[in-house]
Every structure is written in structure tokens, then in C-alpha cells.
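Treat the numbers as computed from the prediction; the structure is a model and nothing was measured. Numbered from 1 within each chain, the chains take letters A, B, ... in sequence-line order.
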There are 2 protein chains.
Amino acid sequence: MPQYIVQDSLADKVYNLIKAQILSGELKGGMVIPEEHLAQQFGVSRTPIREAIRRLAEYGLVVLKPRSHAMVYQFTEKQAHDTAKVRLALELLAIELLTPAMVTKHINELSRLAADCQYNLVVGNRAELFVKDSLFHLELVKCTENEALFSMYERLDSRIQLLRISKNFSDELLGNIIHQHLLIIQSLKNNDMPACRELMTKHVNHQM
Amino acid sequence: MPQYIVQDSLADKVYNLIKAQILSGELKGGMVIPEEHLAQQFGVSRTPIREAIRRLAEYGLVVLKPRSHAMVYQFTEKQAHDTAKVRLALELLAIELLTPAMVTKHINELSRLAADCQYNLVVGNRAELFVKDSLFHLELVKCTENEALFSMYERLDSRIQLLRISKNFSDELLGNIIHQHLLIIQSLKNNDMPACRELMTKHVNHQM
DNA sequence: GCAAATTTTCTTGTATACTAAATATGAAAT
DNA sequence: ATTTCATATTTAGTATACAAGAAAATTTGC
């Protein structure tokens, strides 16, 4: 039974391109993005653009005003705070669901991602650092093999990424945050779940 | 400043119609739904149908197979269980975030919805009972005024609704579940949050 | 000069037509 | 009869055209 490799549709590609532009700050919060404009920029028709924008809206990166226009999402302080609350709840659920076997299976990947974060901190590549940071947390959630949780977290993750770039963390704070990944990994290795919960709580709250 | 009343687009209407068909069981899990078929059924073109199906997929009620077809989502036992875990985590977060003032503000609406559930149980209208049950929990989450949490929970709610109709609860169990709403309300009135947490945990776990 | 109303322009919402991929059908070979 | 290959058919993906609503520009009245 051959495993067909389905190539991305234009809508998929465009979705990723626009998302990248938003998360890189090229498209800033509050900016209006007309479909035709994007269509010309990417050399495609409005149809795949519309689909991509709709999807971005579902992921909370874009806000739609019916019959009017699409706008890049802009956090208020409260919404940022609220998002962090949900994030913490989901990550704590993940920790609760983790078994030692799950940890063993994914610990190498987690360590690799944590190391990538530190590397990118050292070389000063924040964009890449944030990507790896997201991947670290996504991996942690993925460990639980709870699809419903993962897809929920994936959703939040888009917004968390948006949040990170708008926060302008100091190097020092960022160093602290990234270091906490190592502590979290250590607590997982020790199967010390109370410590892990506490570390994660600190970790998320530091970013609020 | 006038508050414009924007009427639903065809895509919105179709989205609601298809969603209703899925949640009523008219469209059963595993069924393939070709766009053209729905377009003819609703007397519109494929464009708004496509948008609606995409959205249903984002809400987890439909699964898309790229370049092939859309299918009504079908729970496995594990996925149902996993979903309940996430649900509980979000509802417990809601309870944690609730302040007495928030409770006071919404307690009447909560009571009304709980009563509606009981009424529909007595008259044997399960479809309506499930609608009110969902609304009860959505209202509870809405109390927290945490938009991020609410939109996450709203997402899960679609699937919880799908789950409920596939579960075929006994009248007795259902009576129990619905009665627990009253206990939850009472614990909120008493501002007894530990009790509320415990009741909610039982409430959700009874439905797994 | 300013405010309200009207017109114009721009943008989204929807239908339709076309393309290309996936599935179903049927014929040929074993 | 069964498998394999070629063909046909169906269906999703995309482009384009047009309709309708919202925003912007202009005109009109004071």
C-alpha cells in the first residue's frame, strides 16, 4: 500500500507564507490585508488567499470583519495575560498525563530542542530561537499522545509565537527562560512531577 | 455610533446547517460529504460550501483528505477519552479564575440553563437537553471573561456535542449528570471552590 | 469652513468555468 | 477468476467574473 505524498495546495503554501510574515513582524498587528493585495504579491488568485486568511483567523492570527476586511491580530495586555493562563493549564495537563515511558521516548528530541534554543540565544538569532522554543513545548505536549490536547495547544501556539515577538524580552530574561528548559528536562528525567509542574508554572509566568 | 447588523453570509448559514446535521446525527461519523452534493442540497455554489467545510474541519467536526474528500469526524474511544481530559482541564481553569463578582453576575443565567436541562430531561427532548447542557458549560466559561479560554472551550464544545449524541446515555445516568449542574451552582453560590472543582471533576468524568 | 448626503471606488462575497488529481470502471493478460 | 493496466468519471483545487456591501471621496447645503 503506497503512502501517497500529497503536495501542499496553494492555499497551504500561502497560509504558511502569510503566517511567517505575521510572526516575523513584517505584517504588524492592526494592519489591514486586502485579499487582492496578497494575491498579487504571491501571484495566485484570491481563492487560495481567502482560504488561507480564513484559516489564519481560526488560529487567531487574523481578525475578520465581515464584508469589510481582514486585519492582523493585535494583543491587548489582558488578552496576552489570558492566553498565558490557558497555556499554563494545557501544559500542566500535559505534565500530568506524561508517563515515564513517554518521557523516555521523547527525551532526546526535547534535549536537542532545548540545546537549539541555547545555541540560538548565544548566536543572537531570536527568530530561530523562538521557533525552537515553540517546538520544545509542542514536543512536550506531543509526548502525551493526546491528540485533542495537542491540537488545542497547537492553536494556542500560534498566538504564543505572536506574543513572544511583541514582548521584546531582555537578553537576561530570555537567558533565564531558556535555561528553565534544562531544569524541566531534568525534572522529567528524575520523574519528579511536582518539581516539573512548579518549574513550568514559573516558566510560563515569567513570560507574561 | 451605529451598531451595524451584519447579516450572515451564505457560508455562515451553510456552516450552521451542516453543523446541525452532524450534531443531529443526520450526517453520521465516517460519511463522505462531496461539496457539489451539499451545494445542490442548499441551492448555493460550491464556494460558500467549501468555506463552511473548512471551518467545520477547524472545529474538528469534519476531517479533510486533501484533494479527495471531506468526511464527518468519528470518535475513537481514545479520542473521546482524550477530549474529556482537555475539557476537564479547561473547566477547572475556569473555576479557578472565577471571582464571586463574576458568579453573581451570571448565576441567574446559569440557573436558568440548568433548569432548562432538567425540563428537557423530563419531557424527553434529548436534542434540546444537549444544547442547553452545552450552553450551561459555555456560560460557566464565559463568566471568567477570559476570551482566550472561551474560544478554546468553544472549539472543544463542538466535539463534546458530537460525543454526547454518540454516547447513548441511560436516562438514569443522564438524570444524575443534569442534577450535578444544580450542585455545581450551589457550590458557586457558597463560594466553595474546592467543592466546585470536585463536582466538576465528577461531572466530566461521568461522561467519559 | 463644516456637516450631511450622495456618488464613486474599493473590497469582499458568490457563482461559474476550467484544471488536475484521485477514485472507480472495465478490458486485457495471466 | 484475479491481478494489472489503461481509461473514464468524479471531485477537489484554482482562476476569473460579477454582484453587493462598505469605505472613501466628492458634492451639496447651511
Side-chain angles (χ1 to χ4, degrees), chain A residues 1-19 21-22 26-74, chain B residues 1-22 27-74:
Chain A
M1 200 191 297
Q3 188 75 29
Y4 289 110
I5 294 160
V6 182
Q7 63 181 4
D8 281 359
S9 67
L10 287 182
D12 291 332
K13 289 177 192 162
V14 164
Y15 168 80
N16 285 316
L17 287 169
I18 302 174
K19 184 174 176 184
Q21 288 191 354
I22 293 174
E26 194 175 335
L27 289 174
K28 289 191 213 313
M31 270 180 143
V32 169
I33 41 177
E35 294 171 2
E36 184 59 36
H37 180 260
L38 293 170
Q40 293 200 345
Q41 180 181 349
F42 297 126
V44 301
S45 78
R46 273 177 54 217
T47 308
I49 298 283
R50 272 183 76 79
E51 188 181 320
I53 288 182
R54 283 355 218 209
R55 207 143 94 222
L56 287 164
E58 292 297 334
Y59 276 81
L61 294 182
V62 155
V63 177
L64 299 177
K65 192 173 169 196
R67 285 197 170 75
S68 180
H69 58 249
M71 217 174 74
V72 179
Y73 180 75
Q74 191 159 29
Chain B
M1 202 190 297
Q3 188 76 29
Y4 290 110
I5 294 161
V6 183
Q7 63 180 5
D8 282 358
S9 66
L10 287 182
D12 291 332
K13 289 177 192 160
V14 164
Y15 168 80
N16 286 315
L17 288 169
I18 302 174
K19 184 174 175 183
Q21 289 191 353
I22 293 174
L27 288 174
K28 287 190 215 312
M31 268 180 143
V32 169
I33 40 176
E35 294 171 3
E36 183 59 36
H37 179 260
L38 292 170
Q40 294 201 344
Q41 181 182 347
F42 296 125
V44 299
S45 77
R46 273 177 54 218
T47 309
I49 299 284
R50 273 183 75 79
E51 188 180 321
I53 288 183
R54 286 344 221 217
R55 207 143 96 221
L56 287 164
E58 292 298 333
Y59 276 81
L61 294 182
V62 155
V63 177
L64 300 177
K65 191 174 170 195
R67 289 199 166 75
S68 180
H69 57 249
M71 217 174 75
V72 179
Y73 181 75
Q74 192 159 28

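Here D:dG13 presents its P atom at 12 Å from CD of A:Gln7, a figure rounded to the nearest Å. Following rounding to the nearest Å, A:Phe42 (CZ) and D:dA15 (P) show an atom-to-atom distance of 13 Å. Taking atom CD of residue B:Gln40 and atom C1' of nucleotide C:dT16, one finds them 14 Å apart after rounding to whole Å. One atom, CG of A:Leu64, and another, C1' of D:dA22, lie 15 Å apart when rounded to the nearest Å. Rounded to an integer number of Å, the gap from CZ of A:Arg46 to P of D:dA19 is 15 Å. Atoms CD (B:Glu51) and P (C:dT14) sit 7 Å apart, rounded to a whole Å. In this structure, A:Glu36 places its CD atom 20 Å from P of D:dA22, rounding to the nearest Å. One interatomic measurement links the two molecules: CD1 of B:Ile49 to C1' of D:dT14, which rounds to 18 Å at whole-angstrom precision.
Close to D:dA15, at under 4.0 Å from its OP1 or OP2, lies a side-chain N or O of A:Ser45. In terms of phosphate contacts, A:Lys65 brings a side-chain nitrogen or oxygen within less than 4.0 Å of OP1 or OP2 of D:dA23. Contact between the side-chain N/O atoms of B:Arg50 and the OP1/OP2 oxygens of C:dT16 is not found at any separation under 4.0 Å.
Using a 4.0 Å heavy-atom cutoff across all strands shown, B:Ser9 reaches sugar-phosphate atoms only and no base atom.
In this structure, of C:dA21, C:dT14, C:dT12, it is C:dT14 that holds the atom nearest to the side chain of B:Pro48. In this structure, the nucleotide among C:dT12, C:dT14, D:dA12 sitting nearest to the side chain of B:His69 is D:dA12.
With values rounded to the nearest 0.5 angstrom, A:Tyr73 atom OH is found 14.5 Å from A:Leu56 atom CG.
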### Task
Mind running side-chain contact (heavy atoms from CB on, under 4.5 Å) on A:Gln7 and A:Lys13 for me, showing each step along the way?
CA-CA 10 Å; A:Gln7 63 181 4; A:Lys13 289 177 192 162; 5.7 Å; no

### Query
Going through the distances and angles, do B:Gln40 and B:Glu36 end up as a side-chain contact (heavy atoms from CB on, under 4.5 Å)?
CA-CA 6 Å; B:Gln40 294 201 344; B:Glu36 183 59 36; 3.4 Å; yes

### Query
Please walk me through it: do A:Gln21 and A:Gln41 pass side-chain contact (heavy atoms from CB on, under 4.5 Å)?
CA-CA 12 Å; A:Gln21 288 191 354; A:Gln41 180 181 349; 2.8 Å; yes

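When each of B:Val32 and B:Thr47 is assigned the nucleotide of DNA chain D bearing its nearest heavy atom, the one mapping closer to the 5' terminus is B:Val32.
By the 4.0 Å N-to-carboxylate-O rule, A:Arg55 lies close enough to A:Glu51 to be salt-bridged with it.
A donor-acceptor contact under 3.5 Å is not formed by the side chain of A:Ser68 with the base of D:dA22.
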